[in-house]
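The structure under discussion is supplied below as structure tokens; questions concerning it will follow.
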Amino acid sequence: MVRCCVPWCAALRFQVFSDLITPDGITFDLEEEIENDEEEDFGYSPHVQFSNEDMLNMLNMNDFDDDNEDDEKETVSLCGISFSKLKLKMTSLTEDEKVMKFVKQKGVGEVIPSNAHATVHYIGYFEYRDEPFDSTYSCGKPRSLRLGQNIVIPGLEIGIRSMQKHEIAIFVIHPDFAFGALGCLPRIPPNEEVAFVVHLLDFIDDGCAATYQSLLPEEKQLFNCVAKPVTHMLVTAKSYFTKYNYKQAIREYKKIIDCLENVKLKDEAEEIEMNKLLTRAYVNLGICFNKQNMPTRACMALRRVPNPTAKSYYHFGKALLNIGEYNDAMKELQKGYALDPQNETIRKAIQTTNVKQRKYLDIEKRMYKNCFKSKEEQIKMTEFRKAAREMCENLINSSDVIRQSLSEGFTKEEHEIIHEEAAILGLDVVTSTRYGKETVYLQKSKS
């Protein structure tokens, strides 16, 4: 079994044995990396990834053949390859040629910043060995790491820092920049030269966001000092969002909001610009909460949007629908539709809300029709119980609704029947107080 921890283990060894290692800590992000929905010049989907064999087969081409051979050429294989032959076509990243590089697939855009979060796939192997000693492909997930934190061996970090997004490169690394004279026994022999095939999938530049932390306290209250770092923080948050890393995106958007809400504005122009940034942050925070199935928090965020848009109204309505607030959901969706009457998504959401609202009202009418009139009357609750069960089943079968409010006016006995039917079907009955008004909800269990 190929293990996927060696470069990181070696980095910890370097912390003891080399001045190259510093105690700044380790930052990993092992959330699933998935396709970015923004258009790029170079098409890429993380769902279409190489296996160990695929990567090696792709690299088993004639890039390293001897140009002077006119006869049948030998195809160079990475399994059992001669590093000296590799180096003939490689360029050095260091003056002493201890970190050599060959670009197998060109990347796009700028070279990765020195303090970025990098997401990589890699294979590491020794000279003349058939099997890699380390590979992310064997475990099926890329690695996410912060550069400049000495998480990987020095030579591999130097190599990654030379790459562009989507680039695939081969690096041959001298022991001085790899595992050193001690190695990392029993897996890594002493004084072993290594090669890595690295695929830089993506990166996030946190540099400008970090500049906010370096501002003086008085500068953090000035909009002209905060605006640029916040703009880059929005880019970072969006990058997490497009990878479905919603928890990290939520943390980033909350930081942005805290930064902006501490600012003292000097004029109307700054207020306009700040509200634009706050709108983006609150809307996207609300969307993230909806994605995390946290509609109540989504509502709290979307209520605070300074400049509501069709998009914010839609996601606000979606969150309200999710908690069974059909009337309020319909109001928000209709506001969004008024701003963007060509929006098919909002129109369909209105239709869905209308259907659910009508169905709930029908059940509610049946329950009221069969409710107790007085304690002296004979209890005939068959229809009431059937309606209560149907309401519970309707909530369970609604994939986009997690709770449903109960109307006022039911007697204690009627509430007991609703509680019984909810318990039978695995629903919770919860009470929420807001603005002094108590509301009872049926809610899907979180367990």
Side-chain angles (χ1 to χ4, degrees), residues 4-5 7-12 15 20-38 40 42 44-47 49 107-122 124 134 136-137 139-169 171 196 198-214 228-256 259 281 284-285 288 291:
C4 300
C5 59
W8 279 264
C9 291
L12 295 178
Q15 191 168 12
L20 293 170
I21 302 305
T22 60
D24 292 333
I26 298 177
T27 302
F28 285 100
D29 180 0
L30 299 181
E31 297 286 339
E32 182 183 6
E33 297 292 334
I34 54 181
E35 187 171 3
N36 193 319
D37 60 0
E38 293 182 345
E40 295 183 352
F42 186 93
Y44 164 70
S45 169
H47 292 300
Q49 292 177 356
V108 295
E110 300 295 326
V111 173
I112 183 171
S114 60
N115 63 346
H117 283 279
T119 303
V120 298
H121 259 312
Y122 66 84
D134 189 16
T136 59
Y137 295 97
C139 63
K141 286 186 178 181
R143 294 290 183 185
S144 183
L145 58 110
R146 177 73 176 267
L147 297 181
Q149 301 295 317
N150 300 301
I151 296 172
V152 295
I153 57 175
L156 185 54
E157 171 137 347
I158 291 171
I160 293 173
R161 287 188 180 192
S162 72
M163 300 179 74
Q164 298 170 287
K165 187 183 294 187
H166 307 321
E167 179 180 323
I168 298 175
F171 303 99
F196 279 93
V198 180
H199 187 182
L200 178 57
L201 305 179
D202 201 0
F203 64 81
I204 301 171
D205 182 5
D206 282 348
C208 290
T211 61
Y212 176 82
Q213 302 302 326
S214 65
K228 186 174 180 180
V230 162
T231 300
H232 287 275
M233 291 163 73
L234 284 166
V235 173
T236 300
K238 182 179 179 181
S239 181
Y240 284 120
F241 176 85
T242 56
K243 296 180 179 67
Y244 293 177
N245 190 346
Y246 300 126
K247 290 182 180 179
Q248 185 62 39
I250 287 170
R251 286 191 282 268
E252 295 299 319
Y253 285 123
K254 284 183 175 180
K255 290 179 188 176
I256 292 165
C259 291
N284 291 325
L285 179 60
C288 288
K291 294 287 188 180

Over all heavy atoms of both residues, which pair between S144 and T119 is shortest? Give the atoms and the distance, please. OG-OG1, 3.8 Å
Closest approach of L145 to V120 (non-hydrogen atoms, all atoms of both residues): CD2-CG2, 4.2 Å
Test of understanding: with side chain to side chain donor-acceptor pair (under 3.5 Å), list the residues that count as partners of E167, not counting sequence neighbours. K101
Can you check whether R251 reaches Y240 side chain to side chain, under 4.5 Å on heavy atoms? no
Counting C-beta onward and ignoring hydrogens, is there a side-chain heavy-atom pair between K238 and Y253 closer than 4.5 Å? yes
Separation between CG of D202 and NE2 of H117, rounded to the nearest 0.5 Å: 12.0 Å
Between CG on residue L201 and CZ on residue R143, distance to nearest 0.5 Å: 13.0 Å
Sequence neighbours excluded, every pair satisfying salt bridge (Lys or Arg N to Asp or Glu O under 4.0 Å) that has a member inside residues 151-161: E157-R161
Does the side chain of K141 come within less than 4.5 Å of T136's, by heavy atoms? no
Exercise: identify the closest heavy-atom pair between I256 and A281: CG2-CB, 4.0 Å
Report yes if some heavy atom in the side chain of S162 is under 4.5 Å from a heavy atom in the side chain of F171; otherwise report no. yes
Point-to-point distance, once rounded to the nearest 0.5 Å, from NZ of K291 to OH of Y244: 6.0 Å
What is the minimum heavy-atom distance between V108 and H166, and which atoms define it? CG2-CD2, 3.8 Å
Hey, are the side chains of L147 and F203 touching, using non-hydrogen atoms and a 4.5 Å cut-off? no
With the side chain counted from C-beta on, respond yes when I250 and L285 share a heavy-atom pair under 4.5 Å apart, and no when they do not. yes
Looking only at heavy atoms, the pair that brings Y137 and Y122 closest together is CD1-O, 3.7 Å
L200 to A118 - nearest heavy-atom pair and separation: CD1-CB, 4.1 Å
